[in-house]
Amino acid sequence: MRQGPEIWIRGPVAGPEPLPPPAAADALPATGAPRAPDVPPAPDMPPAPAQAPAADRAPAAAQAPGFSWIGAHGGAGVSTLAGVYGGRDCGQNWPGPGDPPSVLLVARTHAAGLTAAGRAVEEFRLGRAPAGVRLDAVVLVADAPGRLPRPLAQRVRLLESAVDVHRVPWVPAWRLDGTQDAPPRGTESLVSRVRRAR
């Protein structure tokens, strides 16, 4: 333990922790994926399961066609979107072995939803998703009718600078019965993305 210049104010300062040896870096701790100190953990994204080194893994089985919907947070609308657009509803879990590896990440457009989406995108960017799972796009579901307030719209633009983003408008009928027969107007780009994945 080293002593800092303000020891009388803040107490002893621990030195930096040593990095794990390269072989240990492939195994994840039981508590979840390792986190970079400056990146807060994605609140509801499940940790990636521990993976054996690439040379020790069995060849991957044939990948399921289509895509998996994953919620960045609870109440994002994953089940509703899977019912309207098709695809696999994975809730807030990573796609399993029989699920499509292509992910459509879902979040609401309120502040907490956009924060969760940003953290989940960062998980993918840092390679913390399970092997073979890839982020195809982010789908933002309106949390209220009307335009987004400026601070939220700026956060959406920031997400759009990092990944493809599709917007789903407020649909009052979804509050009553959960789904409708056809996708709502204004989601043509998402419909095209879904059709390409099948």
Side-chain angles (χ1 to χ4, degrees), residues 28 32-33 41-52 54 57-110 112-143 159-160 162-171 173-198:
L28 301 177
D44 293 320
M45 288 301 292
Q51 298 281 332
R57 285 187 221 139
Q63 295 180 345
F67 52 92
S68 295
W69 298 95
I70 296 181
H73 56 87
V78 170
S79 297
T80 300
L81 294 176
V84 172
Y85 294 94
R88 184 71 52 97
D89 177 353
C90 290
Q92 294 179 44
N93 300 311
W94 294 112
D99 296 332
S102 178
V103 169
L104 295 175
L105 179 71
V106 183
R108 292 284 181 167
T109 55
H110 49 62
L114 294 174
T115 298
R119 289 179 178 162
V121 168
E122 187 70 1
E123 292 288 309
F124 277 97
R125 188 187 72 76
L126 294 173
R128 294 183 178 147
V133 174
R134 65 186 181 282
L135 179 61
D136 196 37
V138 171
V139 179
L140 298 177
V141 180
D143 68 308
L159 268 175
E160 289 172 334
V163 66
D164 287 341
V165 174
H166 299 278
R167 306 276 300 272
V168 176
W170 178 258
V171 181
W174 288 356
R175 296 185 78 195
L176 299 174
D177 65 10
T179 60
Q180 64 184 33
D181 293 335
R185 285 186 296 175
T187 63
E188 291 78 16
S189 67
L190 180 57
V191 170
S192 296
R193 170 75 56 131
V194 166
R195 286 186 181 147
R196 280 196 314 260
R198 289 185 182 158

To the nearest 0.5 angstrom, please state how far the [atom1] atom of [X] sits from the [atom2] atom of [Y].
X	Y	atom1	atom2	value
Arg88	Phe67	CZ	CZ	11.0 Å
Asp164	Arg193	CG	CZ	4.5 Å
Ser102	Arg196	OG	CZ	10.0 Å

Closest approach of [X] to [Y] (non-hydrogen atoms, all atoms of both residues):
X	Y	answer
Arg175	Trp170	CD-CZ2, 3.2 Å
Ala82	Gly87	CB-O, 4.2 Å
Pro169	Ala142	C-CB, 3.7 Å
Ser79	Asp89	OG-OD2, 2.7 Å
Ala76	Gly71	CB-CA, 4.3 Å
Val78	Cys90	CG1-N, 4.4 Å

Donor-acceptor pair, distance only, cut-off 3.5 Å: does the side chain of [X] make one with the backbone of [Y]?
X	Y	result
Trp69	Gly86	yes
His73	Arg108	yes
Ser68	Asp99	no

Who are the salt bridge (Lys or Arg N to Asp or Glu O under 4.0 Å) partners of Asp143, not counting sequence neighbours?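 Residues passing salt bridge (Lys or Arg N to Asp or Glu O under 4.0 Å) with Asp143: none at all.
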Val168: what forms a side chain to side chain contact (heavy atoms under 4.5 Å, CB included) with it, not counting sequence neighbours?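 Checked Val168 against side chain to side chain contact (heavy atoms under 4.5 Å, CB included); matches are Leu81, Tyr85, Val139, Val141, Trp174, Pro184, Thr187, Leu190.
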Testing Asp136, Ile70, Val138 for side chain to side chain contact (heavy atoms under 4.5 Å, CB included) with Val103, which one passes?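 Checked Asp136, Ile70, Val138 against Val103; only one passes side chain to side chain contact (heavy atoms under 4.5 Å, CB included): Ile70.
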Results of ring pair (Phe, Tyr, Trp, His ring centres under 6.0 Å) for His166 - residues two or more places apart only: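 For His166, no residue satisfies ring pair (Phe, Tyr, Trp, His ring centres under 6.0 Å) once neighbours in sequence are set aside.
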If you apply the rule side chain to side chain contact (heavy atoms under 4.5 Å, CB included), what do you find for Phe124 with Val133, and how did you get there? CA-CA 9 Å; Phe124 277 97; Val133 174; 3.9 Å; yes
Show your reasoning for whether side chain to side chain contact (heavy atoms under 4.5 Å, CB included) applies to His110 and Leu114. CA-CA 6 Å; His110 49 62; Leu114 294 174; over 6 Å; no
Would you mind checking if Arg125 and Glu122 are paired as a salt bridge, meaning a charged N to carboxylate O distance below 4.0 Å?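 Yes.
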